[in-house]
Each structure stands twice: as C-alpha cells, then as structure tokens.
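These values consider heavy atoms only, across backbone and side chains, with no hydrogens, waters or symmetry-generated copies.
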Amino acid sequence: MSTLQTLDYVSIGIYLLLMAGVGIFFSWFIKDIKSYFTGGNTIPWGISAISNFMGSLSTFVFVAYAGIAYKDGLIGVVVLWCTIIPFIFAALFIGKRWVRSRIMTPIEYLEIRFNSNIKQLFGWMGLGMRFLDNMVRQYAMGIFLVTATDLSFFEAIIWSGVITTLFTVIGGVWAVVVMDTLQFIILIFVSVLLVPLSLEATGGLSALMTKLPEHFQWFSGAKSQPLWLMVYYLMILFKYNGNWVFIQRFYSVKDEKAAKKLGYCTALLLFVFPIIFLLPAIAAADILPNLANPEQAYVAVAVKLLPAGLLGLMIAAMFSATMSSLNSEFNVMSAVLTNDIYKKLINPNASDKKLIFVARLNIILVGIVVVIGSLYMGRLGGAFEANKILTGLFAIPLAIPLVLGLMFKKTNSVGVFFTVVVGILTGLIFISSTSVSWEMGTLIQIVSCISSFFLASYIFRSKDEYKKRVDTFFTKINTPLQKSEISDGDPKFKLALSNLFAIVIAASGILFCAMSIPTLSQSSGKISFYLGSACVVLSIIIKLVFTGTLKFKKN
C-alpha cells in the first residue's frame, strides 16, 4: 500500500497552519468565559449547523460506517441516516427551549431543572461517558492514520491527540465552529473527488452494480433487520439530544428561529452527504476485496487511488472530521469542569481571566485522558461495536432524563435517579448476556428507563418549593425571547469574521489547485483543480455577500 510522500506532508503542514491561524485570530476576541464557551450567543445558525454536521461525523464515519458499507453496501447509508432524526426532533420540539434557557453548560440546566445532587451525578457520569465516547473517536483516528501512513498505532494516537488538544485550547467555541466550517469545505471537496475516482477504478457505476448487486440493495446484511434499525435509530435519537455538544450548538445561537434553522439545515446535510461518503467504501469491495479489517476500506481505497499531494489533503480532511468532533467535545467538557466544578465548588470568586486559564488547562487534561484511553479501545471489538456498547450502557440512561425533563414539567429528581440506576443495571445485564440480542436488550433498556423516569416521579411527589422553581424554569423556556435578550454581535467582529472566511476558503482553494498541478493529465488532477477553482470563486462570493466589497477595510 502507498505511503505519504513529501508533497503530502507539505499539504498537511499548510492545512495545519491555516487552522492555527484561525485559533489565534479568535483568541484575540475572547474577553470572558461566556464568549469562550457559548460565543456570546451570537454564532450564526448556518455556521452552527455545519459545525453540528462535522461534530456528527469524525473519522468514526469513515472507519465504522465505511466498514458496514464495505461488507453489506447501502445499508451503511441507511444506518448513518439515523443521525437525521435527532436534528429534526430538536428543530420541532426542544431547540427553542435550549435557546431560551440561556445556560452556559448542560449541567447548569440539570441543577436548575432538578437539583444540585442530580447536577453532580450527571456531571461526573456525563464526563465519564464523554471521555469514553471520545476515546472511540480518537481510536478511529489512530486506525485511519495507521492505514495511510508509516506511523505506528501508538504514534498515530499521540500525534493526533496532541494536535487536536492544542487547537481546541487556543480559541474557544468560536474557533471550534469556524474551523468546523473550513474543515467542512476541505472534507466535502476531497470526498467528492474520491467518488468518481473510485467508480472509474471499478469500470463505472453500472459495472460496479453488476459485480456487487447485493451491495446496492438498501436492506441487506445483519443490520438491515427492522427491529435492529428501529432500536438503533431510537438509541441515536436520545444519544444525540442528550449530547452536550449537540445542546451547546443550540443554546449558542441568538434566537428561536436560528435554532430551528440550525436543526433542519443539519438534518439536510446529513441526508445528502452519507451516500457521497460511503460510495467509495462500497467500491473498495471490488477494488480491494478481502481486506483483513473492513474498517480500513475507505482510507485503503483513498491511499490506492489518490496521487501525492491530494492524498495529503485527504488525510487532512479525515483528520479535520475527527478534530472537529473532538474540538467540540473538549470545549464542552472543559465548560463543565470549569463552570460547574471549578467555579461552583472550588473558586466561586474567580475572575474571567482566571476561568479562561483554568478552561484551557482542563482541555489539556481532557486531551491527555482521551489519548491514553483510546490506546485500549480496540479490545471492545472495533470502533462501531465499542460505540454501540458504550452508548447502550451510559448514554441512554443519562440522555433520557435530560431530554424528557425539558419537555415534561411533572417529572422530578427521584425519577432521574431511578432512571440512571435501572438503565445502567439493565445495560450491564444485557451486555453480559448471550441469550438476548443486542436490539431486544437495548429496547427493553430504553422502555425500562422511560418507565422508571415517569413512574418514580409519579410515586414520589415533589415538594412545593421544588414545584415553584420548576414552574419558573418552564415559564422561562416557554416564553419567547425579548429583543433585549437577542444580540447581533459586534459589527467589527462580523467584518473580521467575513474577511477571515474569505481568506481561508480562498487559501484552501489555492492549495487544492496547487496540489493538482503535478497530476493535471490525470482525472484526479483535473477534478481537484476544478474543485479548487470553485473554492476560490466561493470565497469571492462570500466576501461580496457579507461585506459588499472586495476590500478588507471599510471606508
């Protein structure tokens, strides 16, 4: 299998410099802890939607879901489409409530909605879940880099972990969402490039469909069973809507309309792009049959088909996907450690400067723990299986009270406690059992958690003081925001942001064009040059639309 050449390392280096520049730019604008973790509630819904989309991907998609597509075909796309439902649900029901809550962290919401004991329980257990979830993402990145480079698994984990952590430290949530947007462009362009190349290598789409007819049936393989799909979709619905990063994106936009647009836009992106992402993995079943590890399918076919320079951009794009996801995770985990643990329990009078320093220190701590843990994730059976096990064991019991507590006022902290206990116990029982299928065990667990939440809340009545506090909270989240509560942000910052987008998108396009020059006689070089040119044109359009001029300073 091919390895990276000098031109690949050049393209990766230039990409990392661009990302570093974005982080440094935003570090200049951060003046308080609210800006660091919520962007001052002024993040545009379009940017937030792309950030949510990127956070839903990571290399996990190009490893775990690509493995499903390699083995069973289009069912991999159907399984990945499970991510659409949570965003539509949020757009319809709870996105506006998160915006109106004006919280800084999801754990802060749990204290307001239930009590400080629940906040502590979910704070520590939620952090544990997030650590485990991110270890799976980091593990997938390690598998990806091992396949594409000469790095050992240990070296791949260490280097990717260090780079991701440092980028998150610099610029806070604004840097995260803007880097997500720029990484989105690189990822989409490289993914689009690989589709025609992989089809060309198989003799065309019709030839591939003739060779692998079973791969082009929407429902084939073990994961196509109706009960399995229904349970997996339901599990992801709760997991995403209980995900701290998911929630952070909704309460960081300016108002209810922006939250609704954020949900629908993200759902649309997650409907369109899975087929583009996974078609090369299906083609890999013909190009590279009998791979020892199906989860290496996407990167293996990319390494085989992409020439020097473009392969480096592909590595950068895949790294972008995971870095986007982990950037977001590290930021929100640091928010909980800083705001809900350090500030509330250790130093209530800490200044904003002190809090930002502690926040950055916490990101480094999170990064170290995730890197160490990811070295051992392979023992759980691969990225997809590890994610499925950990989600069932922890994410479901933690997500159900968080989501339903936002929707149903009469539930209380006793119901939350029983939900967590019952959920984890049933999860442990079914994970260790060989007589019950995963889908049946998970369905029983979900039903048990929901039943425990409502039943315990009904049996153990709430005190009047608690009811009054909850009534106040629900009045707040059911009342539309006033104009005085909505901020449009600093005009100078908006101008600087538009200029930054235009510059970095243009630089990305020029990078694509430059890397395509040695292979302009080949299909890959031509397509890359066209994509790079389109990227430069896009930067010009962005500049004109958002600033009305091609100048970088208004008179």
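- Between Arg469 and Glu111, the shortest heavy-atom contact is NH1-O, 3.4 Å.
- Not a single donor-acceptor pair under 3.5 Å links the side chain of Asn347 to the backbone N or O of Tyr342.
- In this structure, the side chains of Tyr298 and Tyr65 stay at 4.5 Å or more apart for every pair of heavy atoms.
- Taking 4.5 Å as the limit, every side-chain heavy atom of Leu361 sits out of range of all side-chain heavy atoms of Leu365.
- With a 4.5 Å cut-off on side-chain heavy atoms, Ile424 and Met125 count as touching.
- When all heavy atoms of Gln445 and Thr426 are compared, the pair lying nearest together is CG-OG1, 3.2 Å.
- Legend: side-chain hydrogen bond (donor to acceptor under 3.5 Å, both in side chains) pairs involving residues 393-403, not counting sequence neighbours: none detected.
- Remark: Phe89 engages Phe93 in a ring pair (Phe, Tyr, Trp, His ring centres under 6.0 Å) (not counting sequence neighbours).
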Kindly determine whether Asn412 and Arg461 satisfy side-chain contact (heavy atoms from CB on, under 4.5 Å), including the steps that lead there. CA-CA 8 Å; Asn412 58 36; Arg461 299 287 184 174; over 6 Å; no
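- Under the side chain to side chain donor-acceptor pair (under 3.5 Å) criterion, Ser160 pairs with Gln138, not counting sequence neighbours.
- Between Lys96 and Asp255, the closest side-chain pair of non-hydrogen atoms is not below 4.5 Å.
- Here the straight-line distance linking atom CG of Leu110 with atom CG of Asn117 works out to 12.0 Å at 0.5 Å rounding.
- Distance CD1/Ile75 to OG/Ser224: 5.0 Å, rounded to 0.5 Å.
- Residues satisfying the side chain to side chain donor-acceptor pair (under 3.5 Å) criterion with Asn241, sequence neighbours excluded, are absent altogether.
- Within the structure, ring-ring contact (aromatic ring centres under 6.0 Å, His included) pairs that include any residue of residues 100-121 comprise Trp98-Tyr109, Tyr109-Phe473 (at least two apart or interchain).
- Contact check for Arg100 versus Pro480: side-chain heavy atoms found under the 4.5 Å cut-off.
- Val416 places a side-chain heavy atom less than 4.5 Å from the side chain of Phe122.
- Atom CD of Glu295 is separated from atom CD1 of Ile68 by 8.5 Å, given to the nearest 0.5 angstrom.
- In this structure, the ring of Phe153 has its center less than 6.0 angstrom from the ring center of Tyr139.
- Residues that satisfy the side chain to side chain donor-acceptor pair (under 3.5 Å) test with Tyr264, not counting sequence neighbours, are absent from this structure.
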Only pairs under 3.5 Å count here: list side-chain donor-acceptor contacts from residues 447-456, not counting sequence neighbours, and write none if there are none.
residue, atom, partner, partner atom, Å
Ser448, OG, Ile444, O, 2.7
Ser451, OG, Val447, O, 2.8
Ser452, OG, Ser448, O, 2.7

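- Heavy-atom minimum distance, Ala156 versus Val146: CB-CG2, 4.3 Å.
- Applying the ring pair (Phe, Tyr, Trp, His ring centres under 6.0 Å) rule to Phe246 yields the partners Phe87, Phe250; only residues at least two apart in sequence or on another chain are considered.
- When the side-chain contact (heavy atoms from CB on, under 4.5 Å) test is applied to Lys467, the partners found at least two apart in sequence or on another chain are Ser462, Asp464.
- Separating the CG atom in Leu121 from the OG atom in Ser116 is a distance of 11.5 Å, to the nearest 0.5 Å.
- The two residues Ile157 and Gly142 make their nearest non-hydrogen contact at CD1-CA, 3.8 Å.
- At most 12 heavy atoms of other shown residues, nucleotides or ligands fall within 6.0 angstrom of atom CZ in Phe154.
- The backbone N or O of Val99 sits nowhere less than 3.5 Å from a side-chain atom of Glu256 that would complete a donor-acceptor pair.
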Yes or no on side-chain contact (heavy atoms from CB on, under 4.5 Å) for Trp438 and Phe430, after CA distance, side-chain angles and deciding distance? CA-CA 7 Å; Trp438 169 84; Phe430 289 122; over 6 Å; no
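- At least one donor-acceptor pair under 3.5 Å links the side chain of Asn362 to the backbone N or O of Val358.
- At least one side-chain heavy atom of Phe474 sits under 4.5 Å from a side-chain heavy atom of Arg113.
- Within the 4.5 Å cutoff, side-chain heavy atoms of Tyr233 are placed close to those of Val78.
- Of the inter-residue distances, the one linking Ile112 atom CD1 with Ser101 atom OG reads 7.5 Å to the nearest 0.5 angstrom.
- Scanning both residues, Leu355 and Ala350, for their nearest heavy atoms gives CD2-CB, 3.8 Å.
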Evaluate the criterion side-chain contact (heavy atoms from CB on, under 4.5 Å) for residue pair Leu234 and Leu237; output intermediate values, then yes/no. CA-CA 5 Å; Leu234 187 60; Leu237 169 65; 4.2 Å; yes
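- When all heavy atoms of Val369 and Met135 are compared, the closest pair comes out as O-CE, 3.6 Å.
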Derivation of the side-chain contact (heavy atoms from CB on, under 4.5 Å) call for Lys343 and Thr338: CA-CA 6 Å; Lys343 183 179 179 181; Thr338 304; 5.7 Å; no
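- In this structure Phe271 satisfies the ring pair (Phe, Tyr, Trp, His ring centres under 6.0 Å) test together with Trp81, sequence neighbours excluded.
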Which side-chain N or O atoms in residues 393-408 pair as donor and acceptor under 3.5 Å with protein atoms at least two apart or in another chain?
none

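- The neighbour count for Phe417 CZ, taken as heavy atoms of other residues, nucleotides or ligands under 6.0 Å away, does not exceed 12.
- Here Gln120 pairs with Trp124 under the side chain to side chain donor-acceptor pair (under 3.5 Å) rule; sequence neighbours left out.
- The distance from the CG atom of Leu443 to the CE atom of Met440 is 6.0 Å, given to the nearest 0.5 Å.
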